[in-house]
Amino acid sequence: MSRNFTFLIVVVCFFTLAFFGCSKKNGMGDRSSKTGMKYNDPHNGGFQVNRKVKPGPGPGLVVIEGGTFVMGGSLTEDLGYENDNKRRRVTVASFYMDQTEVSNVDWLEYLYWLNQNFPDDRELYYNAIPDTLVWRNPLSYNEPYVDNYLRHPAYQDYPVVGVTWEQANDYCVWRTDRVNEEILRSKGILIDYKSKSEKAVNESAQPFNTDIYLNGQYRGEGVDGKNMPKDLRPGAEKEARRPVRLEDGFLKQPYRLPTEAEWEYAALGLIGNTVYGNVEGYRIYPWDGLGVRSAKRKTQGLIMANFKLGAGDNMGTAGYLNDAGDITKPVASYLANDFGLYNMAGNVNEWVGDVYRKLTYEDFEDFNPFRGNVYVNKQFEDAEKGIYAKDKYGRPIKEMAKAPRKQTWEELQANSGAQNTEEANVYDPDMRDFNDPVNDSLYGKTTLVNNKSRVYKGGSWNDRAYWLNPATRRYMQQDESSATVGFRCAMTLVGNPEINSVSMPRFKAAKTRAKVGRANSKAAP
């Protein structure tokens with residue numbers, strides 16, 4: 001009898017431990033530290049908290065650990081006497097950045113998708129085509145590049161050029177949606193059509209858009225309920241599923257152009273010169289040293305980037321070419337800098353997000369400095385139900401922000417913003433010329449700079465070594481393009497900014513008598 005009783009006790013303990021172990025594994029053992037209520041419990045409200053998701057970079061990106069640096073500090077001489085990037089210390093938050101420039105094959109994938117999904121919209125496709133005529137020069141025979149550079153497979157890994165700032169931004173929006181769509185497909189949450197009949201039923205479906213999906217308005221190709229998160233609301237069926245939410249942590253942040261501060265910080269790669277929080281040596285290029293040639297024994301004398309060495313010298317002498325590039329080179333050429341980024345000097349200049357101002361260094365924030373904010377909100381088709389208005393491509397329509405604060409419910413329903421308040425009478429959501437003393441009416445008349453003048457940086461295959469310095473800056477109108485300008489994308493990093501912390505000492509966690517999250521959880525109501 002005692003033996004059977006002992007066996008029963010062992011079995012009960014085993015299943016009890018197994019239950020609590022599974023509950024903890026599934027997050028059901030977690031409790032709110034403020035209310036004591038259980039998370040992820042379908043019998044106690046069903047509030048879901050995902051503690052397992054670890055944010056990471058999207059495809060093509062590498063992580064850039066942020067920090068403080070002297071912006072403009074690498075510019076030791078100002079040959080053009082522009083005085084437009086004087087030194088100031090700033091802090092850049094951690095972020096992600098494309099390891100390479102966007103290439104021709106990347107852009108052709110974009111064009112292919114547009115043609116497949118909107119075959120009758122020739123204007124959309126035409127507007128996305130880079131201007132290949134940027135290769136033309138009255139005194140140079142460049143017609144082969146006009147015909148071949150974008151589409152010929154010999155150039156497929158070369159950086160795309162002839163792209164305007166506006167086109168680059170459109171690509172970032174498109175890439176965001178394609179990456180998030182692929183994440184949902186890989187998890188089995190979105191599925192492809194299995195037959196032509198199924199496709200015919202869904203012909204009216206719009207292409208996937210992240211904002212529309214998160215707002216519960218996506219009516220796409222299909223949903224596979226097996227792999228969607230369970231709906232734990234009270235009364236929901238056992239196998240009921242719900243769409244992925246932002247709180248689940250699956251979807252990526254939007255791709256975008258880097259800010260000028262982010263680009264300059266990433267290009268310098270000072271992490272390679274940092275020891276215990278101290279920068280031991282500054283750089284004038286994305287690599288160590290004062291010159292453009294490698295100082296390492298095995299590669300001594302080799303050119304570190306693709307640029308114009310002098311008048312009439314784009315690549316050196318036959319038999320021993322200097323940089324082996326007459327025009328651009330493949331996007332993964334030469335050595336990566338200490339952040340793992342390729343061609344942050346030379347090859348092509350790169351668009352950044354900022355509006356150009358000569359005196360940017362005078363008006364700036366020292367944390368994530370950026371000039372170019374234009375605050376917009378998603379326009380509601382039905383504010384009562386929270387339904388976004390969509391354009392013909394299935395994307396939310398954006399409108400200028402109506403107030404510098406959250407609107408009241410009455411203002412939102414009336415769609416009048418805060419126009420009757422004092423704030424609305426002085427509020428302008430366009431911050432591109434914030435604190436700018438110049439009259440807008442003078443833009444383009446007494447100066448070539450206006451709110452559509454965008455910064456590009458990095459030097460190109462047709463620039464001298466001076467422009468390879470990350471602190472140099474030039475500008476061009478956002479609807480203009482060049483054979484020497486391309487771009488790469490960036491993405492905001494969410495959560496903990498610390499990346500390289502393995503060798504750092506740590507404070508020991510303080511021991512407290514109180515059990516956070518369990519205190520008073522057993523108290524009688």
Side-chain angles (χ1 to χ4, degrees), residues 53 55-64 93-103 105-118 124-125 127-128 160 163-187 189-190 205-221 243-259 262-263 266 350-353 370 372-379 388-398 478 486-495:
V53 171
L61 303 173
V62 295
V63 64
I64 309 295
S94 296
F95 64 103
Y96 303 115
M97 197 169 191
D98 269 338
Q99 189 171 29
T100 66
E101 296 145 340
V102 174
S103 67
V105 70
D106 298 327
W107 200 268
L108 290 176
E109 179 188 11
Y110 172 43
L111 294 177
Y112 177 83
W113 186 93
L114 293 178
N115 192 43
Q116 289 292 106
N117 286 270
F118 302 100
L124 176 68
Y125 183 84
N127 289 338
V160 67
V163 174
T164 67
W165 184 92
E166 295 168 346
Q167 287 176 312
N169 275 274
D170 289 341
Y171 175 86
C172 292
V173 173
W174 170 84
R175 184 177 175 185
T176 300
D177 290 335
R178 302 292 72 76
V179 166
N180 284 332
E181 182 181 21
E182 182 60 27
I183 289 173
L184 296 179
R185 290 190 189 283
S186 66
K187 292 182 178 294
I189 295 170
L190 295 182
Q206 294 281 2
F208 178 88
N209 177 268
T210 303
D211 290 326
I212 294 299
Y213 176 85
L214 289 175
N215 202 47
Q217 293 178 236
Y218 178 62
R219 299 295 180 264
E221 298 177 357
V244 168
R245 305 170 305 178
L246 183 62
E247 292 89 335
D248 295 318
F250 295 153
L251 302 180
K252 299 300 179 186
Q253 294 293 303
Y255 284 83
R256 56 177 174 80
L257 291 178
T259 67
E262 287 175 337
W263 195 98
E350 297 178 15
W351 287 114
V352 298
F370 172 70
N373 284 310
V374 179
Y375 300 124
V376 295
N377 297 328
K378 300 179 187 70
Q379 181 178 321
Y388 294 148
K390 297 187 291 186
D391 61 17
K392 63 179 181 179
Y393 304 115
R395 302 171 301 196
I397 297 174
K398 305 290 182 65
Q478 65 185 40
F487 74 103
R488 73 179 74 209
C489 302
M491 177 186 288
T492 298
L493 185 151
V494 292

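Please read all numbers here as calculations on a predicted model, not as lab measurements.
Taking SG from Cys172 and CZ from Arg488, the interatomic distance works out to 12.5 Å, rounded to the nearest 0.5 Å. Atom CG of Leu114 is separated from atom CG of Leu124 by 5.0 Å, given to the nearest 0.5 angstrom. To the nearest 0.5 angstrom, Ile397 atom CD1 is 13.0 Å from Lys378 atom NZ. Atom OH of residue Tyr96 and atom CG of residue Leu61 lie 8.5 Å apart, to the nearest 0.5 angstrom. Once rounded to the nearest 0.5 Å, the distance linking OH of Tyr110 with CG of Asp170 reads 5.0 Å. Distance CZ/Phe487 to CD/Glu101: 10.5 Å, rounded to 0.5 Å.
The backbone N or O of Trp113 lies less than 3.5 Å from a partner atom in the side chain of Asn117, making a donor-acceptor pair. A distance-only check finds a donor-acceptor pair linking the side chain of Thr176 to the backbone of Tyr255 [under 3.5 Å]. A donor-acceptor pair is defined here as one N or O able to donate and one able to accept, closer than 3.5 Å; no such pair exists between the side chain of Asn169 and the backbone of Glu166. Side chain of Tyr213 to backbone of Val244: a donor-acceptor contact under 3.5 angstrom is found. Panel note: side chain Lys252, backbone Gly56; a donor-acceptor pair is recorded below 3.5 Å. Side-chain atoms of Asp177 come within 3.5 Å of backbone N or O of Thr210 as a donor-acceptor pair. With hydrogens and angles ignored, the 3.5 Å screen pairs no side-chain donor or acceptor of Asn215 with any backbone N or O of Gln217. When atom types are taken as modelled, the side chain of Trp107 and the backbone of Ala128 share a donor-acceptor pair closer than 3.5 angstrom. Judged purely by atom type and a 3.5 angstrom limit, Asp391 uses its side chain to pair as donor or acceptor with the backbone of Gly394. Panel note: side chain Asp98, backbone Cys489; a donor-acceptor pair is recorded below 3.5 Å.
Annotation for Tyr112: atom OH does not count as buried by contact number, only 12 or fewer foreign heavy atoms lying within 6.0 Å.
Of all heavy-atom pairs spanning Pro396 and Ile212, the tightest one is CD-CG1, 3.9 Å. Nearest approach of Asn209 to Arg395, heavy atoms of both residues: ND2-CG, 3.8 Å. Across all non-hydrogen atoms, the minimal contact from Phe118 to Pro207 is CZ-CG, 3.7 Å. Heavy atoms only, all atoms of each residue included: Met491 and Gln253 are closest at CE-O, 3.2 Å. Closest heavy-atom contact between Asn127 and Gln167: O-NE2, 2.8 Å. Pairing each heavy atom of Asp248 with each of Pro243, the nearest pair is OD2-O, 4.4 Å.
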Could you walk me through whether Thr492 and Phe95 pass side-chain contact (heavy atoms from CB on, under 4.5 Å), step by step? CA-CA 5 Å; Thr492 298; Phe95 64 103; 5.8 Å; no
Between Gln478 and Trp351, is the side-chain contact (heavy atoms from CB on, under 4.5 Å) condition met? List the steps. CA-CA 9 Å; Gln478 65 185 40; Trp351 287 114; 5.7 Å; no
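Annotation: side chain of Leu184 is in contact with side chain of Phe208 (closest heavy-atom distance under 4.5 Å). Looking at Val160 and Leu108, their side chains never come closer than 4.5 Å, going by heavy atoms from C-beta outward. Looking only at side-chain heavy atoms (C-beta outward), Arg175 and Asp106 stay at 4.5 Å or farther from each other. When side chains are defined from C-beta on, Tyr125 counts as touching Leu111, because their heavy atoms get closer than 4.5 Å.
Looking at Arg185 and Glu182, no side-chain N of the basic residue comes within less than 4.0 Å of a carboxylate O on the acidic one, giving no salt bridge.
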